[in-house]
Amino acid sequence: MANNVLIGNMNSTSQNHAPTASSQDVGGSGSNQQNTDSVDQQDGTNINDTDTVFDEDGDEVVGSKRAIRSPAWQHFIKFKLNDEVKARCKHCSKVLGADSKNGTKHLLAHYQRCLHKPYPDIRQSILVQEKKKLDGTTTHVSNYTFNADTSRKDLAEMIIVHEYPLSIVEHHGFRKFVGGLQPLFKVPCRNTIKDDIKRIYDYERDKTMSLLAKTKSRIAVTTDMWTSNHQKKGFMAMTAHFVDQNWNLQSRIMRFIYVPCPHTSDVLADILYTTLCDWNLDRKVSTLTVDNCTTNDAIIRILLEKLPLKSLMMNGDLFHMRCCAHILNLIVQDGLSLIKFEIERIRESVAFWSASPKREQNFVTAAEQLGIPYSKKLILDCKTRWNSTFLMLSVAISYKEVFDRVKTRDSKYTCFPTEKDWELASEICERLQLFYEVTVMFSGSKYPTANVFFPLICEIGYSLREWTKSPIEEIKMMADQMVSKFNKYWSVIHGVMGMAAVLDPRYKLKFVELLFPVLYGEEKAKIEFQNLEAFVQTLFQEYVSSNASKKRKSEGFYGGSVPGSSSFGSSISSGHRVGFKKLLSDIASITRDDDESGGMSELDNYLKEKLLPKDMELDLLAWWKTNGIKYPTLQRIAKDILAIPVSTVASESAFSTSGRLVSPHRSRLHPKTLEALMCAQSWLLNEIRATCSEETEAYCRSVEFDYDVEEENTKESGTTSLDDFV
């Protein structure tokens with residue numbers, strides 16, 4: 001019901017006459033009578049005009065030939081209903097009689113007990129100052145009206161987004177703070193706020209399901225396991241990835257479900273299949289990205305038996321996508337396992353000088369005497385996180401001269417590294433830098449499109465083979481081990497990776513053909529390239545055929561009967577129209593054949609076009625958005641392929657073999673409550689990011705992570721605390 005109903009035209013004097021505080025007092029009469037000729041500034045209603053208008057429900061709003069002096073009409077709208085004069089409450093929309101002979105006493109009585117009325121307390125007659133929004137714009141100055149329902153919703157969203165414990169609403173300090181800030185707000189109890197959170201979850205879930213249902217492209221799914229911090233419960237998170245109508249990469253979590261033991265492949269596959277069906281994605285899913293383990297391999301086999309293969313790309317050949325960040329982790333772990341003893345003295349030195357505040361202060365003093373700024377703290381590595389070893393060595397190398405100086409400062413320090421140790425550490429850091437950067441790229445919160453995957457993997461393969469030629473025996477031994485693991489997982493290029501490279505106008509098949517010898521050698525490169533070329537043609541033809549099938553279904557839907565024709569007329573002429581329908585079918589078949597031949601030339605024309613400059617910065621999604629008219633079939637393929645993520649994990653846990661952890665105060669919650677919190681948090685954060693510009697992106701990051709400016713500067717300089725990866 002619209003409260004803002006304008007009757008007639010406002011005069012200039014009434015527009016500039018603002019209501020006083022006493023005019024809001026329902027019981028007052030003197031000051032209200034002075035303003036009877038003014039416009040109700042809050043609701044925009046001129047109560048003096050005699051023009052007739054209608055509200056949103058189509059009811060006729062009644063004016064008056066004389067000034068309406070009762071203050072009741074500040075809160076009611078007069079209108080006619082079945083030739084009877086009625087009054088509708090502006091706050092709760094309740095309809096009451098409004099005949100002039102009955103007066104307005106009953107209207108004033110209703111306003112006094114109306115649950116939706118704004119508080120007329122003079123303390124609420126304040127101005128809200130200019131306030132910055134997330135997108136950088138500012139709101140205008142306006143009257144402030146307290147709304148308890150909105151505040152409760154904001155409180156629930158605050159708990160969801162910032163991962164506050166539900167018990168915060170019962171904390172004495174929080175209640176004291178809210179009471180001083182707004183005495184009219186009644187802080188809800190823990191159970192009430194939990195119900196509010198579940199309502200937000202249900203609402204956001206329906207919005208997300210509606211968004212995925214409207215998405216015409218395929219949906220890529222990733223899944224990984226989380227562990228509660230104390231109770232050691234297992235949770236499965238499932239996330240959908242797609243390209244929206246504006247050609248932006250989107251990801252939405254679907255489930256965060258508790259999985260009781262045992263975590264067998266049958267149990268996990270059943271949960272995945274049920275979720276896909278519940279969200280109506282069983283016929284829209286493109287790939288499932290999982291970690292590398294035998295259980296996940298079995299899950300893929302079970303799902304392929306349940307899902308309709310005809311609805312999958314290449315009959316399910318592309319369905320299994322291995323997590324690239326996990327593969328890189330396995331490759332590096334294998335290499336470092338062979339040289340762990342060679343870097344032991346550096347590890348012991350870092351442990352010695354960071355063991356106590358006094359030793360650390362002595363180390364800092366030595367650095368200052370040498371004129372070396374102590375901008376990066378010494379970090380002791382964790383053996384389950386290869387990146388921590390990389391960070392430990394990179395920081396320790398920058399203080400090589402300091403370690404040499406403190407040899408004589410403490411008699412207990414006997415594990416100082418040799419010159420050979422430092423040379424080996426420098427070689428290792430130089431080589432692991434590539435893996436570190438690639439892993440961060442694959443696992444970022446804004447994951448890249450799949451087209452960047454192929455060149456990076458080729459660079460890693462090329463680098464590993466170059467490392468095998470190193471004169472340092474330890475580096476050569478490490479490289480041989482890493483090459484063996486690399487060939488195990490990427491001896492055959494995944495179709496998604498190859499097709500994504502072809503869809504990049506800077507690469508296409510020409511670029512891939514030149515890079516394959518680097519990856520496979522001259523002999524095997526020819527065979528692999530022929531396989532990729534055949535794969536591209538087959539996938540393209542599959543999309544052409546599916547498009548033709550959709551056209552046939554559309555023709556069949558409208559070809560049965562002409563809209564608006566009667567069944568009687570159709571039955572009489574049906575016998576004479578059979579021949580004509582057959583003619584139309586033959587013409588349509590010929591047209592489809594022509595479309596398919598034209599579709600094949602679409603791919604040929606694209607591949608024959610000149611490559612864009614390799615160093616050109618290109619937003620690939622934006623490029624395909626603008627070139628869809630020229631290449632409609634390839635555009636559909638690009639929308640499906642480029643949405644597929646190459647990793648299942650975020651950068652904070654990409655380097656860890658211990659898995660993800662649920663925060664301690666949330667691990668004690670009921671699994672359904674925990675799912676509501678985790679899913680709603682992801683959905684709300686997506687809405688927050690949607691309102692942020694590039695300048696305010698730092699705000700979105702601060703929503704998820706807590707750090708000081710000094711800590712952020714440290715991260716930018718290359719130093720990272722191990723706590724950041726928990």
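Worth saying up front: this structure is predicted, and the values here are computed from it rather than measured.
Counting only distance, with no hydrogens or angles, the side chain of Asn686 and the backbone of Ser682 share a donor-acceptor pair below 3.5 Å. Judged by distance alone, with hydrogens and angles left aside, the side-chain atoms of Ser388 form a donor-acceptor pair with the main-chain N or O of Cys382 at under 3.5 Å. For His670 (side chain) and Lys672 (main-chain N/O), a donor-acceptor pair under 3.5 Å exists by modelled atom type. Under the 3.5 Å distance criterion, the side-chain polar atoms of Ser546 are matched with a main-chain donor or acceptor of Tyr543. Of the possible donor and acceptor atoms, one in the side chain of Arg175 sits under 3.5 Å from a partner among the backbone N and O of Val169. Proximity of a side-chain donor or acceptor of Thr439 to a complementary backbone N or O of Ala325 within less than 3.5 Å is not detected. Judged by distance alone, the side chain of Gln681 and the main-chain N or O of Val161 form a donor-acceptor pair under 3.5 Å. A donor-acceptor pair is defined here as one N or O able to donate and one able to accept, closer than 3.5 Å; such a pair exists between the side chain of Trp683 and the backbone of Ile253.
Side-chain contact, Gln537 with Gln541: no donor N or O sits under 3.5 Å from an acceptor N or O.
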Next item on the list: Could you walk me through whether Thr389 and Asp381 pass the side-chain hydrogen bond (donor to acceptor under 3.5 Å, both in side chains) test, one step at a time?
Entry: CA-CA 5 Å; Thr389 303; Asp381 68 335; 2.9 Å; yes
Next item on the list: Show your working on side chain to side chain contact (heavy atoms under 4.5 Å, CB included) between Gln250 and His241 and close with a plain yes or no.
Entry: CA-CA 6 Å; Gln250 300 284 352; His241 307 265; over 6 Å; no
Item checked: Leu272/Leu288 under side chain to side chain contact (heavy atoms under 4.5 Å, CB included): CA gap, chis, key distance, verdict -> CA-CA 10 Å; Leu272 281 168; Leu288 178 64; 4.1 Å; yes
Next item on the list: Evaluate side chain to side chain contact (heavy atoms under 4.5 Å, CB included) for Phe319 paired with Met313, printing each intermediate quantity in order.
Entry: CA-CA 7 Å; Phe319 184 67; Met313 291 191 300; over 6 Å; no
Check: What do the steps show when you test Val290 against Met321 for side chain to side chain contact (heavy atoms under 4.5 Å, CB included), and what is the final call?
Finding: CA-CA 6 Å; Val290 293; Met321 187 72 185; over 6 Å; no
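Side-chain contact between Phe235 and Glu675 is absent, with no heavy-atom pair separated by less than 4.5 Å. For the pair Met254 and Val221, the minimum side-chain heavy-atom distance is below 4.5 Å. Using a 4.5 Å heavy-atom cutoff, the side chains of Asp195 and Pro188 are not in contact. Within the 4.5 Å cutoff, no side-chain heavy atoms of Lys284 are placed close to those of Arg218. Contact check for Ile219 versus Trp279: no side-chain heavy atoms found under the 4.5 Å cut-off.
Aromatic ring orientation, Phe529 versus Phe516: perpendicular (interplanar angle above 60°, classes split at 30° and 60°). The aromatic rings of Phe435 and Trp467 sit tilted relative to each other, their planes meeting at an angle between 30° and 60°.
Remark: Lys639 qualifies as a cation-pi partner of Trp247 under the 6.0 Å distance and 45° angle criteria applied to the six-membered ring.
For residues 313-336, the salt bridge (Lys or Arg N to Asp or Glu O under 4.0 Å) pairs, not counting sequence neighbours, are Asp297-Arg322, Asp334-Lys485.
With respect to the salt-bridge test (charged N to carboxylate O, under 4.0 angstrom), the residues Glu157 and Lys153 qualify.
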